*Asks:* 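Right, I'll just put the structure down here and ask away after.
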Amino acid sequence: MVETPNTVTLRFRYAPPAGPGQFVMIWIPGDDELPMSLSYTGDPKGVTIKAMGDTSRRTLSLPVGTLVGIRGPYGNQFDLDPRRILAVGGGSGTAVLAPAAEAAAQRGSRIVAALGATTAPELLFVDRMKAISEKVEVATDDGSRGHHGFVTDVSRRLLAEQPFDAVWTCGPEVMMKKVISAADERRVPVFCSMERQMKCALGMCDACALGPYHVCTDGPVFPASRLTPIAEFGRTKRDSSGRRVPL
Amino acid sequence: MVETPNTVTLRFRYAPPAGPGQFVMIWIPGDDELPMSLSYTGDPKGVTIKAMGDTSRRTLSLPVGTLVGIRGPYGNQFDLDPRRILAVGGGSGTAVLAPAAEAAAQRGSRIVAALGATTAPELLFVDRMKAISEKVEVATDDGSRGHHGFVTDVSRRLLAEQPFDAVWTCGPEVMMKKVISAADERRVPVFCSMERQMKCALGMCDACALGPYHVCTDGPVFPASRLTPIAEFGRTKRDSSGRRVPL
Amino acid sequence: MADLRTTLVGHTFRNPLWLASGIWGESGNSLKGAWEAGAGGVVTKSIGSQPRMGYPNPTVVTYEKWGMLNAMGLPNPGIEEYPQEIGIARSAGAAVIGSVFGADAEEFAQLAARMAATGVLALELNLSCPHAKGLGSGIGQDPDQVREVVRAVKRAVKIPVIAKITPNHYDVASLAQAAESAGADAISAINTVRALAIDVRLRRPVLAHGLGGLSGPAIKPIGLACVWQIYERVRIPIIGIGGIEHADDVIEYVLAGARAVQLGTAVAFRGIGIFSGLAKELSERLDALKVHRLEEIVGGAHTTATPQ
Amino acid sequence: MADLRTTLVGHTFRNPLWLASGIWGESGNSLKGAWEAGAGGVVTKSIGSQPRMGYPNPTVVTYEKWGMLNAMGLPNPGIEEYPQEIGIARSAGAAVIGSVFGADAEEFAQLAARMAATGVLALELNLSCPHAKGLGSGIGQDPDQVREVVRAVKRAVKIPVIAKITPNHYDVASLAQAAESAGADAISAINTVRALAIDVRLRRPVLAHGLGGLSGPAIKPIGLACVWQIYERVRIPIIGIGGIEHADDVIEYVLAGARAVQLGTAVAFRGIGIFSGLAKELSERLDALKVHRLEEIVGGAHTTATPQ
Ligand SMILES: Cc1cc2nc3c(=O)[nH]c(=O)nc-3n(C[C@H](O)[C@H](O)[C@H](O)COP(=O)(O)OP(=O)(O)OC[C@H]3O[C@@H](n4cnc5c(N)ncnc54)[C@H](O)[C@@H]3O)c2cc1C
Ligand SMILES: Cc1cc2nc3c(=O)[nH]c(=O)nc-3n(C[C@H](O)[C@H](O)[C@H](O)COP(=O)(O)OP(=O)(O)OC[C@H]3O[C@@H](n4cnc5c(N)ncnc54)[C@H](O)[C@@H]3O)c2cc1C
Ligand SMILES: Cc1cc2nc3c(=O)[nH]c(=O)nc-3n(C[C@H](O)[C@H](O)[C@H](O)COP(=O)(O)O)c2cc1C
Ligand SMILES: Cc1cc2nc3c(=O)[nH]c(=O)nc-3n(C[C@H](O)[C@H](O)[C@H](O)COP(=O)(O)O)c2cc1C
Ligand code: FES
Ligand code: FES
């Protein structure tokens with residue numbers, strides 16, 4: 001299903017149980033295998049893929065019924081206990097926040113969401129978030145919808161307006177860093193869903209090393225308190241060879 | 001524990017559950033590994049070994065506490081349903097009949113036993129059988145105790161004296177053949193515990209082939225009706241190379 | 001129902017599931033039993049010139065679920081006595097392949113001639129037993145010797161010859177090529193993988209012989225790699241062996257390049273009923289995969305593979 | 001509590017459980033993490049002259065419980081960038097062994113010199129990667145080339161040198177002997193075993209590279225056989241690798257001849273906590289077996305073995 005001009009959701013039947021925050025490895029035969037957060041954790045499960053590089057771009061044009069390989073789910077989950085949650089999604093980052101917000105709402109938590117994108121058509125899952133949130137605010141870089149500017153500005157305002165027990169965020173690391181500093185001022189704990197290059201997804205090959213952690217097994221969801229001491233966070237990642245490269 | 005001048009019982013703790021009729025492979029490190037019927041199937045389990053060839057003879061003089069390897073149990077079990085059972089044991093063959101007779105007696109069956117040996121001191125488990133049987137008769141080749149002659153004569157007489165639902169027998173094959181023909185006259189089904197050279201005990205290597213059967217997995221307990229059509233029964237066995245040799 | 005028949009070594013087998021050498025193959029009644037249980041072909045125990053007792057017990061160690069280690073030491077009744085066993089199997093109509101092992105080309109050729117005379121439909125040369133010193137193992141590691149043995153056997157017999165290859169080599173395809181160049185009609189791979197188990201309490205190897213050969217599910221990925229590599233370098237048919245238990249295992253081997261397969265350890269783990277059960281499972285699975293004839297997909301994974 | 005310390009390559013390791021190359025070894029923080037989790041030594045990812053991206057995904061296939069197949073393709077940041085990672089590990093006090101791979105003796109020697117300069121306490125030469133074409137695999141199969149590489153490295157560095165041997169060979173001990181004769185200070189064995197997995201629905205190998213290397217419990221019997229055979233033919237210490245998860249696995253390797261062991265796949269299957277957990281388990285098990293010092297029983301299964 002096409003979500004935005006650059007984003008599609010693939011739905012598939014896949015038995016192993018999964019929780020919000022977890023990811024799967026999606027194998028596009030003859031191409032590559034990519035980590036993708038589950039944007040739907042029920043049945044059928046789903047992933048929402050944004051065209052970034054070659055493989056993800058090609059994924060968008062796969063004919064319906066193409067056989068893909070799936071392994072997982074891997075990684076940890078969002079803690080659904082907080083009663084008042086602010087979800088801050090940047091671009092395709094909303095993909096992982098949506099099922100988590102739905103699950104928390106179902107358990108009685110109150111959700112407020114701030115969703116950002118470069119431009120209005122690229123905003124993801126706005127209606128889906130509206131269905132379960134008290135309030136959904138959007139921001140676009142070009143001002144084509146909602147706040148003209150960064151979603152981080154919106155989230156800072158929302159944090160000032162009302163109390164929260166937790167902030168969930170997924171998006172570019174610079175964005176998440178700003179969300180963290182805004183929440184820190186209010187002493188609200190932040191949980192970030194992180195991305196790194198992945199190969200084994202088993203906590204073995206070190207491809208996804210982030211400071212002392214492996215994103216595939218220690219994450220992908222990290223409390224901000226664990227991330228901020230890491231020099232790499234928001235600055236460098238590792239390429240396929242393991243070299244440190246700027247984000 | 002020494003049972004007769006040529007027979008000892010080894011007791012050991014070994015967790016896997018076993019039933020009467022089954023056997024284990026006993027590894028005497030540095031020597032050989034032999035199939036041995038369980039003469040005790042509870043806890044501790046036990047095997048009763050008679051000195052036949054080199055390995056079994058050396059087994060008799062193992063110091064207490066020697067580590068041996070055990071795998072199994074393997075094979076099938078005696079059917080304990082018959083209400084009136086005649087157990088005919090020749091030599092160390094009584095080893096496997098004793099736990100089966102005990103188990104059947106416990107479930108309310110009536111046991112009559114005929115036990116044979118070359119000479120009185122070699123008679124095995126006479127007291128053990130007496131404890132659970134209606135009647136125990138013995139025979140020795142040299143007449144040193146009980147009937148002077150073959151246990152097959154005794155069993156023929158017992159079959160004539162009273163009705164049985166089943167005959168269980170273990171001993172030399174010529175002996176078992178005679179037991180079968182006596183029981184056939186009275187239309188009493190016979191179950192024989194068979195021995196053949198064994199290696200894998202897994203129904204794979206063919207060492208224990210007996211006609212279309214593998215003694216290790218199809219047996220060791222066979223209804224006589226399956227054995228009598230086999231030309232090899234009572235005539236030939238196979239040596240370690242698989243050659244047919246006279247019994 | 002997908003068509004499971006497969007044609008190789010001049011014969012159409014009713015299904016691709018053969019009994020591997022050394023399993024149920026010492027006695028004619030057992031070969032017959034495996035055939036009647038549904039095996040597509042039955043390979044005899046490897047037979048030598050003289051009766052051999054094999055190694056003392058323990059000869060087998062099992063690893064729960066994934067494998068087995070054995071060092072039987074090639075026990076066999078010898079070629080003198082063995083024809084009566086083949087007679088029993090053939091009288092039941094079994095498709096019998098006679099396995100032989102020898103110390104050199106000459107012994108292989110003599111044995112092959114005597115085995116061929118029993119009426120088996122093909123020979124399998126055991127060039128690969130990993131634990132019988134000086135018997136086949138040295139020979140099977142050296143392409144030149146493989147060539148020499150196969151050539152001598154081909155001169156001695158008219159029936160098709162299958163060369164069984166060891167996996168304990170860095171270039172298994174070179175061994176298969178050597179066999180092909182000498183006229184082999186098919187390759188079977190793999191035999192067991194050299195391995196060891198130690199009892200930590202007794203501080204000694206468990207098997208009386210020390211080293212043994214690993215078989216069962218754990219070696220399936222190894223056997224597949226060998227078949228894959230051989231398929232890329234020879235044109236004669238390949239018979240895949242190693243760790244086959246399920247329909248997908250068979251299909252993996254076929255896609256890697258096998259035209260038939262053999263089952264060994266699975267017979268111990270799942271019983272002789274595995275032949276009919278697996279034939280049914282295989283046929284259903286091929287239907288689900290929309291494959292009408294097994295032979296269609298032989299080597300099918302090579303064409304789609306990413307070239308690297 | 002049994003004494004787990006083990007001395008080899010001029011160093012006394014606090015326990016015999018090392019982190020194997022390629023696992024948690026690309027980043028200095030991970031090496032540090034493995035050390036802090038209790039590893040007795042940590043081997044780095046194999047480092048080459050240039051950064052290498054490795055193969056595309058999929059790079060890993062798991063077999064539930066008994067094994068794993070991988071073809072990473074030796075991704076590594078290259079010797080230029082890598083010293084900073086070793087710095088992080090060494091600053092935590094870790095006993096670091098630097099693994100390198102090259103295409104020929106000269107490249108190995110150059111890399112070895114640069115790796116030695118980072119302050120690692122020994123080098124491990126990856127002579128055995130089964131799936132990187134032309135990189136080490138050809139070299140590692142030929143005793144002459146092994147000798148040449150080890151000799152060149154020994155000339156280039158002063159620190160001890162460990163030669164890591166492939167299992168994909170019919171005579172692994174000949175490779176170890178070649179390394180010893182050229183001055184190697186220890187042998188480590190084994191690397192992964194060449195293997196393959198095919199997806200039957202997609203009709204293609206699962207790994208992007210096609211062939212891969214098998215690791216995990218299934219290869220333990222294979223690794224043990226290699227260590228056993230090597231122990232019978234060399235005098236330098238052996239480091240056992242392959243499928244180690246439990247205390248008895250370690251003891252089996254030690255009885256077969258290993259003075260230390262490495263853990264790879266078990267880290268994925270049981271987590272990094274395996275180092276402290278296994279050290280405790282090992283110590284308790286040795287107590288139960290009445291072994292006071294692990295080093296007492298190195299090669300202990302050879303003396304009691306039935307001579308054949
Ligand atoms: C745990 C986890 C969950 C993920 N979940 C999702 C998801 O739900 N939806 C989704 O679309 N993607 C997700 N990703 C990212 C995805 O796995 C790929 O990295 C992404 O699709 C790009 O792959 P590619 O091969 O097409 O691009 P590449 O060829 O690898 O890269 C192309 C270009 O895009 C840039 N780029 C790649 N990835 C990113 C990124 N994450 N952020 C910024 N720039 C990037 C590269 O630097 C490069 O310039 C997730 C990643 C992880 C680790
Ligand atoms: C299922 C099964 C259960 C068994 N249970 C028992 C048991 O409970 N107690 C027990 O003592 N043995 C039992 N045996 C027999 C045992 O396994 C050995 O065969 C026996 O101990 C002789 O072994 P050995 O190596 O000492 O003799 P070997 O060296 O193999 O043989 C020495 C001599 O004894 C003869 N011989 C060996 N076995 C027999 C035999 N069974 N009958 C007649 N002659 C023989 C040989 O022909 C040879 O002349 C059982 C065998 C099987 C297959
Ligand atoms: C107990 C046993 C005995 C074997 N004997 C022989 C033999 O005599 N000749 C031979 O070529 N292979 C022999 N093999 C090897 C098998 O034929 C087969 O190649 C191997 O077991 C791998 O297949 P599997 O994993 O299905 O068992 C034997 C294997 C086992 C387990
Ligand atoms: C994902 C992965 C990557 C590996 N990378 C290397 C490597 O770079 N260099 C090397 O010498 N061995 C490498 N190996 C082999 C391991 O060091 C080890 O020899 C092998 O995995 C067997 O041990 P195990 O069964 O404990 O995993 C790698 C293994 C795995 C599973
Ligand atoms: S992807 Fe391999 S360690 Fe995380
Ligand atoms: S002992 Fe091997 S088949 Fe029975």
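This structure is a prediction, so every number in the text was calculated from the model and none was measured. Throughout, a chain's letter reflects where its sequence line sits, starting with A, and its residues are numbered from 1.
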*Asks:* Given heavy-atom pairs under 4.5 angstrom as the criterion, report whether the side chain, backbone, both or neither of D/I88 touches chain A.
*Replies:* side chain
*Asks:* Using a 4.5 Å heavy-atom cutoff, which residues in residues 167-178 of chain A come close to chain D?
*Replies:*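 No residue falls under the 4.5 Å cut-off.
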*Asks:* Using heavy atoms and a sub-4.5 Å threshold, report which of residues 2-11 of chain A line up against chain D, by residue number.
*Replies:*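 The stretch does not come within 4.5 Å of chain D.
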*Asks:* Is there a side-chain contact between D/M68 and A/L202, using heavy atoms and a 4.5 Å cut-off?
*Replies:* yes
*Asks:* With sequence neighbours left out, write down each residue that passes side chain to side chain contact (heavy atoms under 4.5 Å, CB included) with A/A98, or none if nothing qualifies.
*Replies:* A/F125, A/R128, A/M129
*Asks:* Can you tell me which of D/G25, D/G271, D/P58, D/G78 forms the most heavy-atom pairs within a distance under 4.5 Å of chain A?
*Replies:*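 Counting heavy-atom pairs under 4.5 Å, the top option is D/P58.
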*Asks:* Which atoms of D/V61 are under 4.5 Å from chain A, going by heavy atoms: the side chain, the backbone, both sets, or neither?
*Replies:*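 D/V61 has no heavy atom closer than 4.5 Å to chain A.
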*Asks:* Please report the shortest heavy-atom distance between A/G203 and D/V267, naming the atom on each side.
*Replies:*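 In terms of heavy atoms, the two residues are closest at O-CG1, 4.3 Å.
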*Asks:* Go through A/L210, A/V68, A/L67 and name the one with the most non-hydrogen pairs under 4.5 angstrom from chain D.
*Replies:*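 When all of A/L210, A/V68, A/L67 are compared, A/L67 has the most.
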*Asks:* Using only the distance criterion (under 3.5 Å, no hydrogens considered), which donor-acceptor pairs connect chain A with chain D?
*Replies:*
residue : atom : partner : partner atom : Å
A/D32   : OD1  : D/N57   : N            : 3.2
A/E33   : O    : D/N57   : ND2          : 3.0
A/M198  : O    : D/N57   : ND2          : 2.9
A/K199  : NZ   : D/M53   : O            : 3.0
A/G203  : O    : D/W24   : NE1          : 2.6
A/M204  : O    : D/W24   : N            : 2.8
A/D206  : OD1  : D/S30   : OG           : 2.6
A/D206  : OD2  : D/G25   : N            : 3.3
A/D206  : OD2  : D/E26   : N            : 2.7
A/D206  : OD2  : D/S27   : N            : 2.7
A/D206  : OD2  : D/S30   : OG           : 3.4
A/H214  : NE2  : D/S30   : OG           : 3.4
A/S241  : O    : D/N76   : N            : 3.4
A/R244  : NE   : D/E85   : OE2          : 2.8
A/R244  : NH2  : D/E85   : OE1          : 2.9
A/R244  : NH2  : D/E85   : OE2          : 3.1

